[in-house]
Amino acid sequence: QVQVAESGGGLVQAGASLRLECAASEHSFSPYTMAWFRQVPGEEREFVAAIAADGRTVFHARSVKGRFTISSTNTKNTLIYLQMNNLVPEDTAVYYCAATLTRSQANIGRETNYGCWGQGTQVTVFS
């Protein structure tokens, strides 16, 4: 059973940048579809970004498009980044990495598409 672990969260001032990292513990013959979600206490988990199994097709939520960028370091997507620029207080949340071997992109932005989740990393942006 693959496990994923996030790192890179922190406390930053508005306008700053952070880079989150997510590493999958197990290599697979097939590439992973990987995604980032975030959650504020008392609210539902929100889709942020995803990278498809082809390693090239990416998706970003409208709220972060132009500021956040998801990328992969290898063809299996076992190490991915979320570059977050021009952070605003509304970006404050726990950020979760998720993985699946599902190749279909039909539900790439849905929590139910992913069977493997990390513990989350806190990002706090103050003004």
Side-chain angles (χ1 to χ4, degrees):
Q1 177 80 12
V2 66
Q3 293 181 324
V4 294
E6 310 94 338
S7 61
L11 174 66
V12 296
Q13 193 168 18
S17 298
L18 280 175
R19 189 178 76 170
L20 304 184
E21 178 178 307
C22 176
S25 63
E26 186 175 299
H27 287 266
S28 167
F29 288 112
S30 300
Y32 294 104
T33 295
M34 303 284 280
W36 290 97
F37 290 76
R38 65 187 183 186
Q39 189 171 27
V40 175
E43 297 185 12
E44 293 187 357
R45 201 170 291 186
E46 174 191 24
F47 169 75
V48 176
I51 185 163
D54 63 9
R56 299 186 304 276
T57 307
V58 296
F59 303 83
H60 296 86
R62 193 172 302 176
S63 59
V64 304
K65 193 169 289 187
R67 300 187 299 121
F68 291 12
T69 303
I70 189 170
S71 63
S72 177
T73 63
N74 57 66
T75 57
K76 295 293 178 65
N77 292 342
T78 55
L79 178 61
I80 66 165
Y81 298 122
L82 183 68
Q83 178 66 43
M84 305 187 296
N85 297 328
N86 194 22
L87 285 159
V88 297
E90 291 73 25
D91 295 321
T92 296
V94 177
Y95 284 70
Y96 295 92
C97 179
T100 181
L101 287 172
T102 300
R103 296 184 67 90
S104 170
Q105 300 175 15
N107 298 302
I108 201 168
R110 295 180 181 269
E111 286 187 68
T112 53
N113 194 56
Y114 302 90
C116 178
W117 291 82
Q119 294 296 309
T121 185
Q122 177 71 45
V123 172
T124 303
V125 185
F126 62 93
S127 57

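In this chain, residues are counted from 1 in sequence order.
Screening residues 101-127 for ring-ring contact (aromatic ring centres under 6.0 Å, His included), with sequence neighbours left out, gives F37-Y114, F37-W117. For residues 13-84, the pairs satisfying disulfide bond (SG atoms under 2.5 Å apart) are C22-C97, with sequence neighbours left out. Among residues at least two apart or in separate chains, salt bridge (charged side-chain N to carboxylate O under 4.0 Å, His left out) pairs with a member in residues 80-103 are R38-D91, R67-D91. Sorted by first and then second residue, the disulfide bond (SG atoms under 2.5 Å apart) pairs with a member in residues 37-67 form an empty list; sequence neighbours excluded. For residues 55-64, the set of pairs meeting the side chain to side chain donor-acceptor pair (under 3.5 Å) definition, not counting sequence neighbours, comprises D54-T57. Applying the disulfide bond (SG atoms under 2.5 Å apart) test to residues at least two apart or on different chains, none of the pairs has a partner in residues 40-86.
We find the CG-CG distance between L101 and N77 to be 10.5 Å, quoted to the nearest 0.5 Å.
Under the rule for a side chain to side chain contact (heavy atoms under 4.5 Å, CB included), the partners of T92 that lie at least two apart in sequence or sit in another chain are Q122, T124, V125. Applying the salt bridge (charged side-chain N to carboxylate O under 4.0 Å, His left out) rule to R110 yields no partners; only residues at least two apart in sequence or on another chain are considered. Applying the side chain to side chain contact (heavy atoms under 4.5 Å, CB included) criterion to Q3, with sequence neighbours excluded, gives S25. Scored by the salt bridge (charged side-chain N to carboxylate O under 4.0 Å, His left out) test, E111 finds R45 as partners (sequence neighbours excluded).
Between T102 and N107, every side-chain heavy-atom pair lies at or beyond the 4.5 Å cut-off. Annotation: side chain of F47 is in contact with side chain of F59 (closest heavy-atom distance under 4.5 Å).
Hydrophobic clustering, defined by side-chain heavy atoms of Ile, Leu, Val, Met, Phe, Trp and Tyr closer than 4.5 Å, leaves V40 isolated from every other such residue.
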Below 3.5 Å, can you tabulate the donor-acceptor pairs from side chains in residues 80-89 to any protein atom, sequence neighbours excluded?
{"residue": "Q83", "atom": "NE2", "partner": "N85", "partner atom": "OD1", "Å": "2.9"}
{"residue": "N85", "atom": "OD1", "partner": "S17", "partner atom": "OG", "Å": "2.9"}

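Side-chain N or O atoms of Q119 include none that pairs as donor or acceptor with a backbone N or O of E6 at under 3.5 Å.
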